[in-house]
2 protein chains.
Amino acid sequence: MTKQVPQDDVEGEEALVTPPLDVGRLGDLLGFHLRMAHVAIYRDFADTMEELALTQKQLAVMELLAVNTGASQIDLANTLGTDRATMMALVNRLAARDLIERRPSQADRRRQELHLTEAGRAMLAQARKLIDSHEQRFIDLFSRDEMDALLAALKRIYKGN
Amino acid sequence: MTKQVPQDDVEGEEALVTPPLDVGRLGDLLGFHLRMAHVAIYRDFADTMEELALTQKQLAVMELLAVNTGASQIDLANTLGTDRATMMALVNRLAARDLIERRPSQADRRRQELHLTEAGRAMLAQARKLIDSHEQRFIDLFSRDEMDALLAALKRIYKGN
DNA sequence: TATTGTTATACTCTATAACTATA
DNA sequence: TATAGTTATAGAGTATAACAATA
């Protein structure tokens with residue numbers, strides 16, 4: 001999916017044809033390093049999931065539905081921090097692929113309950129296997145304590161403490 | 001710029017109307033927490049920079065040019081991990097606002113050397129002030145040691161060790 | 001009045017491919 | 001042959017606004 005970063009992230013490679021620039025003040029910004037790390041993982045995820053054609057967010061929706069059967073689009077949007085319209089588009093794409101389905105709620109007829117389909121559950125099972133190897137590549141960079149500290153720090157950032 | 005996340009990230013607020021779902025297996029994924037943290041900082045950045053209408057990446061380009069005068073689009077793309085076409089669009093937008101300018105290279109006539117304009121330098125000075133308060137909000141969440149460890153961990157992720 | 005889903009719209013981001021001019 | 005810039009194109013992501021049905 002991303003043929004990007006031709007030489008840069010290949011381990012044990014010699015210097016680039018065009019060497020990376022001095023990052024200057026960017027080096028002091030948490031947001032800069034967070035963004036670079038996020039992009040690195042995002043791309044590895046995309047490459048790993050290429051055969052299944054699932055994005056991080058699509059997988060997130062499916063994992064949420066695996067645990068929260070019948071959740072609404074608003075539930076998903078609130079949990080993942082997006083708005084209704086964005087979630088609508090995301091759900092549309094997954095529904096078009098028959099991975100999830102909408103069912104009208106009996107209790108509140110404004111709502112549509114979202115469910116994984118059989119195909120969705122099968123896809124999720126496959127995805128989890130691929131994700132394991134993807135995650136492992138980054139887990140291997142850290143000790144258990146380091147990883148715990150990293151996850152705690154990231155949570156603190158987006159939960160605002 | 002982002003009126004998003006209506007209740008979620010307000011400190012000391014009671015439960016949401018629609019409470020966040022159980023994140024299930026997502027809670028174990030580094031990529032999930034990294035993405036959530038990135039989005040949180042990205043939005044705070046966007047809100048902070050609203051008056052200047054500068055994105056994280058636009059600022060990154062300007063900071064890079066502040067230190068690496070005359071760098072090419074390829075240089076910037078390699079450093080920030082994007083491709084030529086994406087950087088082209090980014091540079092176009094900054095150039096259209098007269099914040100940076102292209103100058104033909106004497107040494108290699110395929111190249112354009114990029115420079116901050118006077119307006120660009122002024123904008124950057126303003127931006128740095130706003131960024132300080134933005135960064136401070138997140139720095140305050142951590143001790144010095146915690147922040148050092150966090151930055152080191154993030155670098156390890158995108159530098160592949 | 002407020003909420004859920006929905007549609008329409010628009011702009012940004014990202015990447016691919018192909019062209020051009022240089023090297 | 002390879003590289004830098006460029007253009008065209010397309011799809012995904014993101015958000016706003018407005019409407020209908022329902023609460």
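For the numbers below, each heavy atom of this structure counts, side chains included, while hydrogens, waters and symmetry mates do not. Quick note on labels: first sequence line is chain A, next is B, and so on, each numbered from 1.
Rounded to whole Å, the distance from CZ on A:Arg110 to P on C:dA2 is 13 Å. The interatomic distance linking A:Arg43 (CZ) with C:dA15 (C1') rounds to 10 Å, in whole Å. The nearest whole Å value for the distance from the OH atom in A:Tyr42 to the C1' atom in C:dA15 is 11 Å. Between the CD atom of B:Glu50 and the P atom of D:dT14 there is a distance of 18 Å, rounded to whole Å.
In the displayed structure, A:Gln136 atom CD is contacted under 6.0 Å by more than 12 heavy atoms of other residues, nucleotides or ligands.
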Could you walk me through whether B:Leu90 and B:Lys57 pass side-chain contact (heavy atoms from CB on, under 4.5 Å), step by step?
CA-CA 8 Å; B:Leu90 216 173; B:Lys57 231 188 244 183; 3.5 Å; yes

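Which of C:dA15, C:dT4, C:dA23 sits closest to the side chain of A:Ile74 comes down to C:dT4. Of the candidates D:dT14, D:dT16, C:dT14, D:dT14 carries the atom nearest the A:Ala89 side chain, counting heavy atoms from C-beta on.
Counting heavy atoms from C-beta on, the side chains of A:Ile157 and A:Leu30 come closer than 4.5 Å. Between A:Leu76 and B:Leu21 the shortest side-chain heavy-atom distance falls below 4.5 Å. Using a 4.5 Å cut-off on side-chain heavy atoms (C-beta onward), B:Asn68 and B:Glu63 make no contact. Residues B:His134 and B:Ile41 are in side-chain contact: their nearest non-hydrogen atoms beyond the backbone lie under 4.5 Å apart.
Listed by residue number, the members of residues 29-37 of chain B with any heavy atom below 4.0 angstrom from DNA chain D form an empty set.
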Tabulate atom names and distances for all N/O pairs under 3.5 angstrom spanning the protein and nucleotides 6-8 of chain D.
{"unit_1": "D:dT6", "atom_1": "OP1", "unit_2": "B:Gln112", "atom_2": "NE2", "d": "3.3"}
{"unit_1": "D:dT6", "atom_1": "OP2", "unit_2": "B:Gln73", "atom_2": "OE1", "d": "3.1"}
{"unit_1": "D:dT6", "atom_1": "OP2", "unit_2": "B:Arg102", "atom_2": "NE", "d": "3.2"}
{"unit_1": "D:dT6", "atom_1": "OP2", "unit_2": "B:Arg102", "atom_2": "NH2", "d": "3.4"}

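Look at A:Thr55 and you'll find a side-chain N or O under 4.0 angstrom from OP1 or OP2 of D:dG13. Applying the 4.0 Å criterion to OP1 and OP2 of C:dT14, one finds that B:Lys57 has a side-chain N or O inside that range.
Note that the two end axes of the helix from C:dT1-D:dA23 to C:dA23-D:dT1 enclose an angle of 10°, each drawn from 5 base pairs, rounded to 10 degrees.
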